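In this text the structure is predicted, and so the values were computed from the model without any measurement.
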Amino acid sequence: MIDVNVFVVKRIFHLRFKVARLTRKSNIMNKIITKILFENDGSYFIPNSNAVDEVISVNEEVIDVNEKIDDVNKIVMPADFIKHIIKDAENIVIMNKCLCRYSSDCEDYPLDLGCIFIGKTTKKISRHFCREVTVDEALEHIDKCNEAGLIHIMGRNKMDTVWMNVRPGEELLTICNCCPCCCLWKVYPDLSDSIQNDFIKLPGIDVNCDYSKCIMCKQCIEYCTANALDIVDDKVVIDKNICIGCGHCSNKCPTNAMNITYDNQDIQTAFDRIDNLVDYKS
């Protein structure tokens, strides 16, 4: 096993935006960078469950998230999508620190809430930088990330196999726990369309603005990962073709004007996509 070169990653982390922009400058650079860092990728942006205002069950009944649910099996919160995957998994490790926040000297969010990795390839990750955990410990980690206001990005991520120097990628599932200030995926708007197509919104997530509550503080715009928000005619407008449903806008809104609803009717398509991308169960 080869140790993760955290020192090198920390030194080059600030270059991520320049690298991302190169994918838009030429088709050749896009192909090269895709081949090196993004080939066969596929991930979902999953909002913090605390940012969700309403959950719409499969029978289209709208339920207030503060209401006690007797039949919990009929409700799937965004984080429950991740937990379902974890419960089916073997070979789970948690990184001792978030490399993104560590590389950015983040002071706003916990450094110790690192990524979760699942699959046989985790056996090749240096134990200097991660620890093996049980299913219950991984589930508890997700709860801590939600409490801290972090959002999740789950899927197959070639970049992780590169910086950790581990293979194969089809046996490594990544669950990032991202803050709005230091996340690697702040580069998302700078990436080429072809790369962006592999990183998508969780099915059923919808984001809206309640203008009666909006005070035009523009914090939602500042923290939007996808640059999907703008001011038009003195109102916050959401470009839903760009919005990735990360939930940062809702988490940061001081008046709860930004609302997220979740309809889990199409959740099986997300499970199928993850299963096709990564063999994490064996």
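Closest heavy-atom contact between Asn96 and His128: ND2-O, 3.5 Å. Shortest non-hydrogen contact noted between Val135 and Ile86 is CG2-O, 3.8 Å. Nearest approach of Pro168 to Lys124, heavy atoms of both residues: CD-NZ, 4.1 Å. Of all non-hydrogen atoms in Ser250 and Met258, the two that sit nearest each other are OG-O, 3.3 Å. In terms of heavy-atom proximity, Cys182 sits nearest to Cys100 at O-CB, 3.5 Å. Minimum heavy-atom separation, Cys106 to Leu111: O-CD2, 4.0 Å.
Less than 6.0 angstrom separates the ring centroid of Tyr188 from the ring centroid of Phe45. Note: Phe81 and Phe271 meet the aromatic proximity criterion, with ring centroids under 6.0 Å apart.
Salt-bridge check for Glu90 with Lys120: failed, with every basic side-chain N at 4.0 Å or more from each acidic carboxylate O. At a threshold of 4.0 Å, the pair Asp206-Lys240 counts as salt-bridged, since one of the basic side-chain nitrogens sits closer than that to a carboxylate oxygen. Taking the charged nitrogens against the carboxylate oxygens, Arg156 and Glu170 do have a contact shorter than 4.0 Å, which makes a salt bridge. By the 4.0 Å N-to-carboxylate-O rule, Lys83 lies close enough to Asp143 to be salt-bridged with it.
Side-chain contact check for Ile244 versus Gln196: every heavy-atom pair is 4.5 Å or farther apart. Counting heavy atoms from C-beta outward, Ile33 and Val19 have side chains that approach closer than 4.5 Å. Using a 4.5 Å heavy-atom cutoff, the side chains of Lys186 and Phe17 are in contact. Ser49 is listed as a side-chain neighbour of Pro78, based on a closest heavy-atom distance under 4.5 Å. Counting only heavy atoms from C-beta outward, the side chains of Ile175 and Ile142 approach each other to under 4.5 Å. Counting heavy atoms from C-beta outward, Cys176 and His152 have side chains that stay 4.5 Å or more apart.
Applying the side chain to side chain contact (heavy atoms under 4.5 Å, CB included) test between Ile85 and each of Leu173, Val278, Asp80 identifies Leu173 as the sole match. Partner of Ile151 under the side chain to side chain contact (heavy atoms under 4.5 Å, CB included) criterion, chosen from Cys178, Cys183, Pro180: Cys178. Of the candidates Val207, Val236, Leu229, Asp239, Leu229 is the only one forming a side chain to side chain contact (heavy atoms under 4.5 Å, CB included) with Cys224. Of the options Asn30, Thr34, Asn27, a side-chain hydrogen bond (donor to acceptor under 3.5 Å, both in side chains) to Ser192 is made by Asn30 and by none of the others.
Residue-environment remark: CD1 (Ile215) exceeds the threshold of 12 foreign heavy atoms within 6.0 Å. Residue Gln268 qualifies as enclosed at atom CD: its count of foreign heavy atoms under 6.0 Å is above 12. Counting heavy-atom neighbours within 6.0 Å of Lys31 NZ, excluding the residue itself, gives a total of 12 or less. Counting non-hydrogen atoms of neighbouring residues, nucleotides and ligands closer than 6.0 angstrom, the CG atom of Asp234 reaches no more than 12 such neighbours.
The CD1 atom of Ile205 sits 12.0 Å away from atom CD1 of Ile200, with the distance rounded to the nearest 0.5 Å. If you take CD1 on Ile125 and CG on Leu172, they are separated by 5.5 Å, rounding to the nearest 0.5 Å. A distance of 11.5 Å separates CZ in Arg16 from CG in Leu191, rounded to the nearest 0.5 Å. Note: Ile46 CD1 to Lys201 NZ = 13.5 Å, rounded to the nearest 0.5 Å. Rounding to the nearest 0.5 angstrom, the gap separating the CG atom in Asp160 from the SG atom in Cys115 is 6.5 Å. Rounding to the nearest 0.5 Å gives a distance of 14.0 Å between CZ of Phe117 and CG of Asn91.
Follow the hydrophobic side-chain contacts under 4.5 Å out from Tyr223 and you never reach Ile153; the two are in separate clusters. Residues Ile242 and Ile260 fall into different hydrophobic clusters, defined by Ile, Leu, Val, Met, Phe, Trp and Tyr side chains chained together at heavy-atom separations under 4.5 Å. Under the 4.5 Å side-chain contact rule for hydrophobic residues, Val52 and Leu150 do not share a cluster. Residues Val232 and Met216 do not share a hydrophobic cluster, defined by chaining ILVMFWY side chains whose heavy atoms lie under 4.5 Å apart. Taken together through direct or relayed side-chain contacts under 4.5 Å among Ile, Leu, Val, Met, Phe, Trp and Tyr, Leu277 and Leu202 form part of one hydrophobic cluster.
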**OP:** Evaluate side-chain hydrogen bond (donor to acceptor under 3.5 Å, both in side chains) for Thr134 paired with Asp136, printing each intermediate quantity in order.
**Re:** CA-CA 5 Å; Thr134 65; Asp136 286 341; 5.3 Å; no

**OP:** Show your working on side-chain hydrogen bond (donor to acceptor under 3.5 Å, both in side chains) between Asp53 and Tyr262 and close with a plain yes or no.
**Re:** CA-CA 8 Å; Asp53 299 281; Tyr262 179 49; over 6 Å; no

Subject >> Asp105 vs Lys10, salt bridge (Lys or Arg N to Asp or Glu O under 4.0 Å): CA-CA, chis, key distance, verdict >> reply: CA-CA 10 Å; Asp105 298 318; Lys10 182 176 174 63; 3.1 Å; yes

**OP:** Kindly determine whether Glu137 and Arg131 satisfy salt bridge (Lys or Arg N to Asp or Glu O under 4.0 Å), including the steps that lead there.
**Re:** CA-CA 11 Å; Glu137 288 171 327; Arg131 62 192 184 277; over 6 Å; no

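Using a distance-only test at 3.5 Å, with no hydrogens or angles considered, a donor-acceptor pair links the side chain of Thr255 to the main chain of Lys213. Between the side chain of Asp266 and the backbone N or O of Pro203, no donor-acceptor pair lies under 3.5 Å. Side chain of Arg101 to backbone of Leu113: a donor-acceptor contact under 3.5 angstrom is found. Remark: side-chain polar atoms of Asn48 are paired, donor with acceptor, to backbone N or O of Asn50 under 3.5 angstrom. A donor-acceptor contact shorter than 3.5 Å is absent between the side chain of Asp275 and the backbone of Asp272.
In this structure, Lys158 forms no cation-pi arrangement with Phe38, as its terminal cationic atom is not both closer than 6.0 Å to the ring centre and no more than 45° off the ring axis.
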